[in-house]
Amino acid sequence: MIVILLFSVPPCLRGDFIWAQSSMPFGAPKVPLSSTQGATTLGRAWVAVRQPADSDPAVRELVDKLNPAQREAATYLDGPLMIIAGAGTGKTRVITHRIAFLSREVGIPLNQILAVTFTNKAAKEMRERVCHLLGVPDSPGLAIGTFHSRCALILRREADAAGLDQNFAILDENDQRQAIKRVLKEMNISEKRARPQQVQTFINQAKMRLLTPQDCRAEFDEEDVPYADIYEQYQKVLTQAKSIDFEDLMMRTVVLFRDNEQARQRWANRYHYVMVDEYQDTNHAQFLLSKLLAQDHRQICIVGDEDQSIYSWRGAEISNLLDFEKAFPGTHIVKLEHNYRSTANILKAASTVIAHNTQRIGKELFTTDAEGELLSFIASRDQDEEARRIAQECTRLTMAEGVNPDQIAIFYRGHWLSRAVEDQMRQFRLPYRMVGGLRFYDRAEIKDLLSFLRLAVNPDDNLAFERVLNTPTRGIGPKAQSQIEIEAARLGVSWMRATHRLLQQEELKGTARRGAEAFINAIDAWCSLAEHADPVDVLDRILLDTNYRNDGIADPKSIEGESKLENIEEFRGLMATFRPTGEGPPLAEFLTAMALDATEEKDDGRPRINLLTIHNAKGLEYDYVFTIGLEKGVFPTSRAEDSMEAYAVEEERRLFYVAITRARKKLYLSYAYQRNRPDFWQSTQPSRFLLELPPSVFDSESLRYMKRLVPYGWGNNPERGGANANVDRELVYTPAEDATEAPGRAYSQYIRNMAAPRPAPPSGAKPKFTVGTRVLHRHLGSGVISEIGGRPGWERAVIDFDDGRSQEFVLKYAPITAE
DNA sequence: CAATTGGGTTTTTTT
DNA sequence: AACCCAATTG
């Protein structure tokens with residue numbers, strides 16, 4: 001490798017060399033210090049590294065497998081770079097190669113490269129792939145993570161400068177809502193008047209835009225709900241509890257860098273190369289953060305796809321991507337358009353749909369692959385029939401074609417759509433997993449344990465304290481609690497200290513006194529233990545002191561109690577595998593990781609069909625993809641269609657685009673004529689997105705069905721004037737002769753003829769629950785319905801379980817299936 | 001005064 | 001099913 005130092009780059013050399021602007025010495029051994037000394041002393045210099053393609057073999061090997069656009073994206077170092085990466089164009093490949101290239105060929109130490117992703121999962125995958133490229137087992141120095149986790153790290157190191165306690169707790173969304181409820185109570189505002197959800201959205205949106213309560217007061221007119229006041233009070237509650245929420249992580253870091261130049265420079269110098277993935281989903285605060293870090297060295301590389309921006313409701317601003325050049329003049333743009341994932345047919349469908357959008361940079365994906373299979377359209381009478389057909393097809397795919405269930409996915413717009421599918425998956429005995437349903441630590445018992453652990457690190461964590469003050473019940477009822485609350489407010493101290501004081505002054509009596517004493521002493525003991533001890537040891541001590549295994553759980557012998565015990569053990573196992581980096585108390589680190597990592601329920605890794613929302617599907621890919629619920633009002637959701645914002649539907653369309661582009665081999669689109677929403681039955685019309693697809697991508701059987709729904713074809717009715725004219729038309733659904741078998745006739749025939757003995761799929765149209773029906777409850781086992789009551793739409797059933805217990809359920813919410 | 005029981009409400013998408 | 005609030009029981 002040849003390294004040249006220059007103080008300005010002659011344009012004539014630009015094509016032949018890669019240029020890195022540097023104000024720091026390279027720390028890596030590949031570049032001798034003597035050759036870079038000039039760069040530091042003289043402030044800024046250009047370092048040229050000869051183009052990799054014709055240099056040493058290691059580089060060639062590294063970037064050889066990249067296509068020209070990818071290679072350019074991975075190796076361009078001459079200032080700000082914007083990579084527009086279409087779906088399936090090898091984006092992750094480019095980022096990982098870029099990091100490996102920076103490290104191995106330019107000699108940048110890994111800890112100077114910052115790579116930000118949106119999910120922990122993506123970060124983990126990226127870390128693994130980079131390590132693989134570099135040929136090392138693991139590299140702790142690699143600064144890869146989510147915005148939130150990087151901010152947490154920065155704020156812990158800069159706690160003083162940021163005005164935070166070193167051991168601050170991080171509130172997840174649930175804790176945040178709890179805190180808001182507490183504030184509303186304190187301020188005597190009913191939850192009817194100010195819905196906690198809405199307050200939460202308000203506060204989070206304000207924080208994304210770096211607005212303080214005062215700013216809000218100035219910016220917004222007085223509304224009937226005093227949002228700004230609630231926000232202000234909420235911040236006080238958080239400060240008192242030495243806690244910060246998710247959005248604070250971002251806002252405080254940005255404010256720190258904005259107001260404290262020294263701190264900013266410390267980190268800007270540390271992260272000499274900044275990379276941001278999924279840039280189209282960044283919000284204002286995240287944009288500012290990237291800018292504050294990169295504004296000096298301008299070594300920022302962002303990767304995004306405007307067509308996959310689907311998080312505007314969470315504050316993402318697509319304009320961050322569209323206007324990136326304004327923030328970083330002289331930005332070089334590389335477009336990745338060669339798709340390696342999907343068949344030509346799928347790509348054609350995707351491109352045609354997304355072309356309806358106006359907010360685009362514009363790109364045309366192409367593939368060198370074959371046409372592939374045509375798309376299938378599935379029309380059903382209602383959601384149960386829809387689910388059954390899909391289950392049938394899944395059976396066919398896995399049984400007849402030997403498809404690995406892991407390679408099949410079923411997508412939907414919202415979680416509520418999954419219920420019918422889930423039921424049928426069980427009926428057909430198909431293995432499935434729901435991605436992103438219940439988070440593991442959303443369970444009550446895990447939240448309790450986390451609260452104990454939080455207190456062990458930060459005894460002033462009022463929110464945790466309040467949660468477990470009387471869990472398991474230790475005689476501290478509402479009266480005693482309000483006593484503590486008042487004392488805490490009077491003295492301006494935490495609940496923990498207030499309790500201490502009340503005890504000293506003997507103002508707590510009877511059972512409350514004994515209970516509080518035991519609790520306080522236990523917390524003190526946990527605190528001293530937590531300073532050094534292994535997290536698991538702290539947990540064991542907690543379980544012992546609180547007798548949680550017995551008292552914290554309603555009935556350890558019941559089925560629920562049993563699964564709770566299992567969860568506790570699993571949590572303990574999870575803790576045992578945690579490896580702290582050694583900064584501060586290990587338990588504190590564990591809790592931070594816990595708060596930021598939305599770890600899902602454990603997965604045994606057995607092959608399963610995946611059920612997930614489209615939002616959850618971003619970044620993933622499957623051979624076979626079913627997208628259900630393609631109905632007006634469902635997808636696009638009525639909220640978007642009714643919205644005044646023209647771009648609301650564009651975002652829905654991007655969501656559809658994401659769904660389509662996840663599929664590698666075959667895509668199925670499904671529509672149900674009637675859909676049972678949680679509260680009402682609804683006749684539907686097809687989604688406008690179906691009409692935006694070109695007929696040529698569908699198979700002939702599908703086309704026949706579609707033509708029943710869309711009498712005039714695809715927007716070509718001259719009377720109604722062009723594209724999408726028939727969206728608003730009353731459509732006539734003609735059920736097939738035998739609605740339960742067509743177009744699934746072949747599949748059900750197949751199932752009947754199958755040699756393998758397996759339970760027959762259900763015969764009736766809708767699963768009906770009546771007195772005497774044998775049912776299977778997901779958690780509680782099987783039993784018989786003994787009674788049905790309740791008003792229409794809210795039927796309740798009493799189930800007598802086989803083990804003698806019986807319980808009442810609201811039918812439409814209970815996770816039960818006919819046995 | 002604490003603890004349990006009963007009734008009413010509830011769902012878009014999530015780091 | 002999960003949650004919150006009011007009413008009842010110990």
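Numbered from 1 within each chain, the chains take letters A, B, ... in sequence-line order.
Among the protein residues, A:D281 comes within range of no part of the nucleic acid, since none of its heavy atoms lies under 4.0 Å from any strand. Nucleic acid contact class of A:R654 (heavy atoms, under 4.0 Å, all strands): none. Using a 4.0 Å heavy-atom distance criterion, A:K185 is classed as making no nucleic acid contact.
Contact annotation: A:K181 does not reach the phosphate of C:dC3 (side-chain N/O to OP1 or OP2, under 4.0 Å). Residue A:Q176 has no polar side-chain atom (N or O) positioned under 4.0 Å from OP1 or OP2 of B:dT15. Within the 4.0 Å cut-off from OP1 or OP2 of B:dT15, not a single side-chain nitrogen or oxygen of A:R150 is found.
Evaluation of atom-type donor-acceptor distances gives no pair under 3.5 Å for the side chain of A:H615 against the base of B:dT14.
The nearest whole Å value for the distance from the CG atom in A:N470 to the P atom in B:dT4 is 10 Å. Look at CD on A:Q200: it is 14 Å from P on B:dT12, rounded to the nearest Å. When the C1' atom of B:dT14 is taken as reference, atom CD of A:E247 falls 11 Å away, rounded to whole Å. Following rounding to the nearest Å, A:W416 (CH2) and C:dA1 (C1') show an atom-to-atom distance of 19 Å. One interatomic measurement links the two molecules: CE of A:M594 to P of B:dT15, which rounds to 14 Å at whole-angstrom precision. Atoms CG (A:N174) and C1' (B:dT15) sit 14 Å apart, rounded to a whole Å. Straight-line distance from the CD1 atom of A:I244 to the P atom of B:dT15: 18 Å, rounded to whole Å. Per the geometry, CD belonging to A:E173 stands 13 Å off P belonging to B:dT11, to the nearest Å.
Side chain of A:S418 to backbone of A:H415: a donor-acceptor contact under 3.5 angstrom is found. Side-chain atoms of A:N120 come within 3.5 Å of backbone N or O of A:L596 as a donor-acceptor pair.
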Tabulate atom names and distances for all N/O pairs under 3.5 angstrom spanning the protein and nucleotides 5-10 of chain C.
none

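Annotation: proximity of residues 471-481 of chain A to DNA chain B (heavy atom, distance under 4.0 Å) is found for A:T473, A:G475, A:G477, A:P478, A:K479, A:A480, numbered in ascending order.
Using a 30° and 60° split on the angle between ring planes, A:F147 and A:F118 fall in the perpendicular class, above 60°.
Under the rule for a ring-ring contact (aromatic ring centres under 6.0 Å, His included), the partners of A:F578 that lie at least two apart in sequence or sit in another chain are A:F590. The ring-ring contact (aromatic ring centres under 6.0 Å, His included) search around A:Y234 returns none, not counting sequence neighbours. Remark: A:L417 pairs with A:Y412, A:R413, A:I628, A:V634, A:R675 by the side chain to side chain contact (heavy atoms under 4.5 Å, CB included) rule, at least two apart or across chains. With sequence neighbours left out, A:R182 forms a side-chain hydrogen bond (donor to acceptor under 3.5 Å, both in side chains) with A:E186, A:E466, A:E485.
Proximity of A:E631 to A:S687: side-chain heavy atoms (C-beta onward) are nowhere separated by under 4.5 Å.
The nucleotide whose nearest atom lies closest to any side-chain atom of A:R413 is, among B:dT12, B:dA2, B:dT14, B:dT12.
Relative to the ring axis of A:Y311, A:R314 places its NZ or CZ within 45° and under 6.0 Å from the centre. Geometrically, A:R653 does not engage A:F689 in a cation-pi contact, judged by NZ or CZ lying under 6.0 Å from the ring centre and within 45° of the ring axis.
Stacking annotation: A:W313 is stacked on the base of B:dT13 (ring centroids less than 5.5 angstrom apart, interplanar angle below 30 degrees).
C:dC4 and B:dT12 have their C1' atoms separated by 23 Å, with the value rounded to a whole Å.
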